[in-house]
Amino acid sequence: MNWNFHVLRGLARLTFAQQLILLALVPATAATLAAIAVLTRQHLDNLTELMRANAQTVALQVATAAQAPLVRMDRRILQRTAQSGTYQPHVQQVQIWSDDGEIVANSETVDRARGEGLQVVVPIVSEEGKQSGKVMVEMSLDAVQHARRSVWLNVVLVLAISLVGVGLAGWWAARRISEPIRALGKAVDRLGAGEAASVAIEGTSEVRHLQHGFNQAARALAESHRLLQSRISEATAELARKNQQLEVASQAKTRLLAAASHDLRQPLHALTLFSDGLANGETDPVRLQRIGHIRECVDSLDRLFSELLNLSQLDAGVLQPQWADFPLDQLFDEISRNFRPVAEQQGLRLVARKTDLWVRCDYVMLSRILNNLVSNSLRHTIEGGVLIGARRRGRGVRIDVVDTGVGIAVQHQARVFEEFYQVEGSTGRQASRGQRGMGLGLATVQRLADLLNTRVELTSRPHKGTCVRVLVRSAPAALPALDAAPTVGAVEEDASLEQLRILVIDDERTILEGLSVVLTNWGAEVMAAQTRAEALALADAWEQPPDVVVSDLLLQGGDNGLDVIAALERHPRGIGPATARLLVTGETKPDRLREVASAGITVLYKPVSPRVLRQAIQAQRAAALQNADALGTVLRNLVHRT
């Protein structure tokens, strides 16, 4: 502490010019040393990697040559093969191992001294694609050691040249800058004492600019001081008001997001599963009616959680546009299939006009935008219906969602796209049944539109209806139609899961029981595990791997569903390419969402309805079988070429 104090006092005694020179030398020294250190490390690392690559090449050559002799266990030829590897530069030792670890050939250099080495092991693969042994090559690192010793001379030379150059440049700059700045300092002292002050314009262009600015500032200071107090008062009041608004909005968002936390999603997910299991085989009309009421409540909660999840995914930044050209009519048909039963149940009409227009957009994001708009329109429409149409507008396409609902007053139209904002007194069939939502549907629409670099326009008249327009880029029509565009409901809901073997992993026993009931009712054979140990124990005992693995993300003891699936993949009798993977999670934290998004495994977010679960299982099972067939074809082609 005393040493640092003395150093600071010593620096304070230096003149401005001396401090400028020191300021130039210290960073230059540090930067030069850092650059030299980085470049040296990169050079040594590159040299080490080069030696490793050479060792890998030699090992591959020896492994190729030893393939046939190793099958015949011809030790004489294997020994010559190993000796041929030691003739390569920097190779110290070559060993050939059998599949059970026996050293069947060993060759070491005798014409040069042994030093520190780098070992590389390469498998020997037979013509049938099986590993029949290994090759170990040890490469000398003398070249790396020699490079490390020679680098110090270069360090001293570069550092000395850099310091001399920087010192001269700093001395010259200090002389040019210090004198005008000293004059500026004296003028500031006079200005601080309330005297009129100005400086002569001289020196470098930057210093002249500073001097000119000082003179202007001195003239404006008196005028500014007079207005300063009033502006400070106004700014303080405005800042206090803004802070209060931000605090209220932050608290409201925090409360709502906390309500959708992992602990609430878990029991709701179990309730979703058990409500479906109750209806299986039930014939009593009274009980079926009660079960229907339970399902309505569960569906309502599911919609609320889905709105929160969409918002959390946008906050986490895990959603990025995947641009593609597709026909709008395909998306309109999907929306019609999804919402026509809802509209008919409310006594409303849903019309999706046919169109031959194509657009360039993210299919999933545009689908979510239109789904939110149609759902919002149906929720606030008492009679009439909802119309979806599209027309060209310049170089783009305008998609209209028009309803005959209650409408939105002018004073609310600018705020309906804000998070959690709801128009008080709005009514509708769903709203009258307690299915109003939380005011996140249009907020999600606006956030998705921003991601797509487009805009959403709204016009509305109270008691007359609302029209929301989405502007997207047009695309030329293509034939045949885009088959790769995702479609909701592409998997038949009544497709059977008979004899499908499914491993379910979840640390919540109620969810585990609910999944077992639902999957068993669909004809599947269910294996359940709460921990990694239980899942691996099942793998030790099963005759064949399961067809599907459905795992929770967060398990007991801080374990992770992704790690459990990876452990099952490494297990000798574990899962392979033909096993579908599916993650189910109730997490909404941004870091968790980013982790899930980067996993490369399909994810369902709790609560998951049985219909969505079945579709996901069937879709992932079909994709896994397709990938396994493709991998098998590739392997067969490789074997055939060999």
Side-chain angles (χ1 to χ4, degrees), residues 36-154 566 569-570 572 576-577 600 627 630-642:
I36 292 174
V38 171
L39 294 176
T40 302
R41 173 61 62 86
Q42 290 179 350
H43 173 67
L44 295 178
D45 290 345
N46 291 338
L47 188 58
T48 303
E49 288 301 319
L50 179 61
M51 302 302 292
R52 187 186 302 276
N54 291 339
Q56 185 81 13
T57 302
V58 174
L60 289 173
Q61 293 175 352
V62 174
T64 302
Q67 180 180 353
L70 184 62
V71 174
R72 301 191 305 268
M73 290 303 292
D74 191 339
R75 296 177 180 269
R76 183 172 57 83
I77 296 180
L78 290 174
Q79 183 63 31
R80 287 205 304 268
T81 302
Q83 288 177 349
S84 67
T86 59
Y87 297 150
Q88 300 296 327
H90 305 292
V91 176
Q92 297 186 148
Q93 184 178 14
V94 177
Q95 290 184 348
I96 301 176
W97 305 340
S98 64
D99 189 38
D100 56 0
E102 178 186 2
I103 300 176
V104 297
N106 180 44
S107 177
E108 299 182 20
T109 58
V110 295
D111 57 341
R112 53 180 178 268
R114 291 285 296 273
E116 182 181 358
L118 182 148
Q119 294 185 349
V120 173
V121 178
V122 171
I124 302 175
V125 181
S126 64
E127 295 181 355
E128 293 79 13
K130 298 181 179 179
Q131 180 175 323
S132 58
K134 297 180 181 178
V135 172
M136 188 278 291
V137 173
E138 182 178 352
M139 187 71 69
S140 174
L141 294 179
D142 290 341
V144 177
Q145 299 297 334
H146 180 266
R148 184 178 289 111
R149 289 190 298 268
S150 63
V151 80
W152 288 106
L153 178 60
N154 297 331
E569 294 173 347
R570 295 190 299 267
N627 293 336
L631 181 60
T633 302
V634 172
L635 293 177
R636 287 193 296 271
N637 292 337
L638 290 175
V639 172
H640 179 71
R641 292 176 182 177
T642 303

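Remember, it's a predicted structure, so these values are computed and weren't measured experimentally.
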Treating Q79 as the side-chain partner and N106 as the backbone partner, does any N or O pair qualify as donor plus acceptor under 3.5 Å? yes
Only residue of L70, V62, L60, T64 satisfying side-chain contact (heavy atoms from CB on, under 4.5 Å) with V135 is V62
Inter-residue atom distance S98.OG - R75.CZ, 0.5 Å rounding: 7.5 Å
Value for CG (L118) from CD (Q92), rounded to nearest 0.5 Å, stands at 10.0 Å
Looking at every non-hydrogen atom in both residues, tell me the closest pair between P123 and A63 and how far apart they are. O-CB, 4.1 Å
Closest non-hydrogen atom pair, V120 against Q56: CG1-OE1, 3.0 Å
Show the nearest heavy-atom pair for residues S140 and M51, with the distance to one decimal. O-CE, 3.1 Å
Rounded to the nearest 0.5 Å, what separation is found between the CD atom of Q95 and the CD atom of E108? 7.5 Å
Side chains of H90 and N54, heavy atoms from C-beta outward: is any pair under 4.5 Å? no
Closest heavy-atom pair, M139 versus P89, reported as atoms and distance to 0.1 Å, is SD-O, 3.6 Å
If you round to the nearest 0.5 Å, how far is CD of Q93 from CE of M136? 4.5 Å
Minimal heavy-atom distance between I96 and A66, with the atoms involved, is CD1-CB, 4.0 Å
Minimum heavy-atom distance G85-V58, with the two atoms named: O-CG1, 4.0 Å
Is a side-chain N or O of Q67 found less than 3.5 angstrom from the main chain of V125, in a donor-acceptor match? yes
For a 4.5 angstrom cut-off between non-hydrogen side-chain atoms, does V94 reach Q88? no
